[in-house]
Protein chains: 2
Amino acid sequence: MRTEIKPIRPDRTLLRQAVTDRIKTYIIDNRLKPGDPLPTEAELCEALNASRSSLREAIKTLAALDIVEVRHGSGTFVGRLSLSALVESLTFRGLLSPEDDLRALLDLVEVRQLFEEGMAAQIIERLDGEHLADLEQATAELEQCPPGSAAQVEADRKFHQLLMQPLGNQLISQLTGAFWDVHAIVAPYLGMSSPAEDADTVAAHRAMVEAARGRDADAFAAAVVAHYAPVRRRIAAAGRA
Amino acid sequence: MRTEIKPIRPDRTLLRQAVTDRIKTYIIDNRLKPGDPLPTEAELCEALNASRSSLREAIKTLAALDIVEVRHGSGTFVGRLSLSALVESLTFRGLLSPEDDLRALLDLVEVRQLFEEGMAAQIIERLDGEHLADLEQATAELEQCPPGSAAQVEADRKFHQLLMQPLGNQLISQLTGAFWDVHAIVAPYLGMSSPAEDADTVAAHRAMVEAARGRDADAFAAAVVAHYAPVRRRIAAAGRA
DNA sequence: CAAGATTTGTGCGTATGTATC
DNA sequence: AGATACATACGCACAAATCTT
């Protein structure tokens, strides 16, 4: 067949892995930002000396991490760098074993509480009037929205998101959103609507806002504990059932 | 060309997405655990009515989330469900913009501190003699290992991992490990070895162990703050340079 | 609105490298 | 060492979505 020397790839690594790395470095080296377009598949194939199959498989792994975003018929773009991969990982784990799923949900609630309770002092310290007004509005929305509506769950998410905003820590904000998402996805599967017991939730949110207005970090932390207490109770109740 | 009615796929979703979902539900429905083998590509192709291309791309996205693990020449297995995807996402983001990378690292340090400081009380409460001995050994290893060695950084990781172990919260433990990994990967790129300034680190670890032995949650929290203070200082110094 | 061009999605066949028995 | 099973990689053709003219 081949009369000449076989062009054995000297790489010890998998071609797909090499391609993913080169695409990542391409994005970094060219200072691309989320939404910026990447070269077409054909161009990348030529540039990286890879077949279209290998290139596409590499792109799929990057898409799973939200490092790139592929739009059918349009092109490939730099992704939003969200924590969607974390959400998918945790939701899958939460649904994996029907015995440990309650444990996983409890672990998640503990982490959510850790964030808000542990950052209570700094939240109070950095909160200003505008943020306080936003929190009040989110609470009002939560109360007024029809129970079980999409607007209601969105108001709950916005509230917890707003809590972390004054910290100016993007990682904390994104993790908070990701954990909320996982909770909202997993909880219904276990027979409990996450922002259920609306009265409890609204009261807890109000207590947090009041504590924040009074610049009382201890009261705020206590309100956070009170907010998650009924959630934990419901999980425990589901475990006994 | 086609005399018969076109076999339009009623699905509005992409085939690839449908395949990933069906593989996930396959794992869940069959109660598979990490390490369990999955059907071969050929079998999955037939079972899911998909071509190898689509199936492989679907598997690559699942592999990126550590939901499945592919071993060349051997087969496909259920993944370890680690948070490797989170590590990859955060490391990429940390290296993305040379201006905000210091900010991203600072955000990360803040989260790491939040975990250990926020859980101080519960760590103290649930710690027993055995855990205390493990922590002391990890500290001793950290001190004795040659500076800059792989054993040294591993001792540091083990210490922070052990801290969270008594909580019995797998999510917290895995997140702690993931954040440590990101820190260890990103920090060197910014010109600072993560577990550098060995004296500071060892002293801080010792202070934490002592506080834990004395069941003094406040002292423990203070030691955590003292542990990350020099790290923050170094990041700030790198920002001024 | 229409038609063509561009780009990603899907399918298939074949050859090769790798792990396992 | 050989044989078998399996994943990896390549190339091409066509379908579907999107964009442009």
Side-chain angles (χ1 to χ4, degrees), chain A residues 1-23 26-27 32 35-79, chain B residues 1-23 26 32 35-64 66-79:
Chain A
M1 336 278 196
R2 297 289 171 78
T3 62
E4 54 183 334
I5 302 171
K6 285 197 300 182
I8 303 173
R9 184 169 3 107
D11 304 314
R12 211 73 191 99
T13 66
L14 262 34
L15 175 58
R16 211 181 38 247
Q17 185 59 39
V19 171
T20 63
D21 290 342
R22 291 189 63 179
I23 294 178
Y26 174 88
I27 294 175
L32 298 186
D36 288 348
L38 264 58
T40 67
E41 291 183 351
E43 291 170 334
L44 284 174
C45 284
E46 176 144 12
L48 304 181
N49 269 319
S51 72
R52 203 170 151 221
S53 317
S54 302
L55 177 78
R56 283 179 57 81
E57 290 180 10
I59 286 185
K60 263 59 200 174
T61 69
L62 292 177
L65 304 173
D66 203 16
I67 290 177
V68 305
E69 176 190 349
V70 182
R71 300 179 205 156
H72 189 176
S74 176
T76 308
F77 306 82
V78 178
Chain B
M1 329 279 203
R2 297 288 169 81
T3 63
E4 55 182 334
I5 302 172
K6 286 198 300 181
I8 303 175
R9 184 165 2 110
D11 305 314
R12 215 70 192 108
T13 66
L14 262 32
L15 175 59
R16 209 182 41 241
Q17 186 59 39
V19 171
T20 63
D21 290 342
R22 291 189 62 179
I23 294 178
Y26 174 88
L32 298 187
D36 287 348
L38 264 59
T40 68
E41 289 185 352
E43 291 171 335
L44 284 174
C45 284
E46 177 145 10
L48 304 180
N49 271 319
S51 70
R52 263 184 176 74
S53 316
S54 301
L55 177 78
R56 284 178 58 81
E57 290 179 8
I59 286 186
K60 262 59 198 175
T61 70
L62 291 177
D66 203 15
I67 289 178
V68 305
E69 176 190 350
V70 182
R71 299 180 205 156
H72 190 170
S74 176
T76 307
F77 306 81
V78 178

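Just so it is clear: chains get the letters A, B, ... in the order the sequence lines come, proteins before strands, and each one is counted from 1.
- At least one side-chain nitrogen or oxygen of A:R56 sits closer than 4.0 Å to the OP1 or OP2 atom of C:dG9.
- Taking only distance into account, the side chain of A:R71 never meets the base of C:dG9 through a donor-acceptor pair shorter than 3.5 Å.
- Between A:S54 and the phosphate of D:dC10, there is a side-chain N or O to OP1/OP2 separation shorter than 4.0 Å.
- The distance between atom CD of B:E57 and atom P of C:dC12, rounded to the nearest whole Å, is 14 Å.
- Under the Watson-Crick or G-U wobble criterion, with both distances below 3.5 Å, D:dA1 is left unpaired in every strand shown.
- Of the side-chain N and O atoms in A:T76, one or more sit less than 4.0 angstrom from OP1 or OP2 of C:dT8.
- Here C:dC12 is the nucleotide among D:dT18, D:dT8, C:dC12 with the atom lying nearest to any side-chain atom of B:S51.
- If you check every strand for non-hydrogen atoms under 4.0 Å, A:S53 touches a base.
- Of the listed nucleotides (C:dG9, D:dA7, D:dT18), D:dT18 has the atom at the smallest distance from the side chain of A:S74.
- Side-chain atoms of B:H72 and base atoms of C:dA19 include no donor and acceptor less than 3.5 Å apart.
- B:Q17 contributes no side-chain N or O that, together with a main-chain N or O of B:L14, makes up a donor-acceptor pair within less than 3.5 Å.
- Within 4.0 Å (heavy atoms only), B:R16 reaches sugar-phosphate atoms of the nucleic acid but no base atom.
- Distance from the side chain of A:L15 is smallest for D:dA9 among the nucleotides D:dT8, C:dG9, D:dA9.
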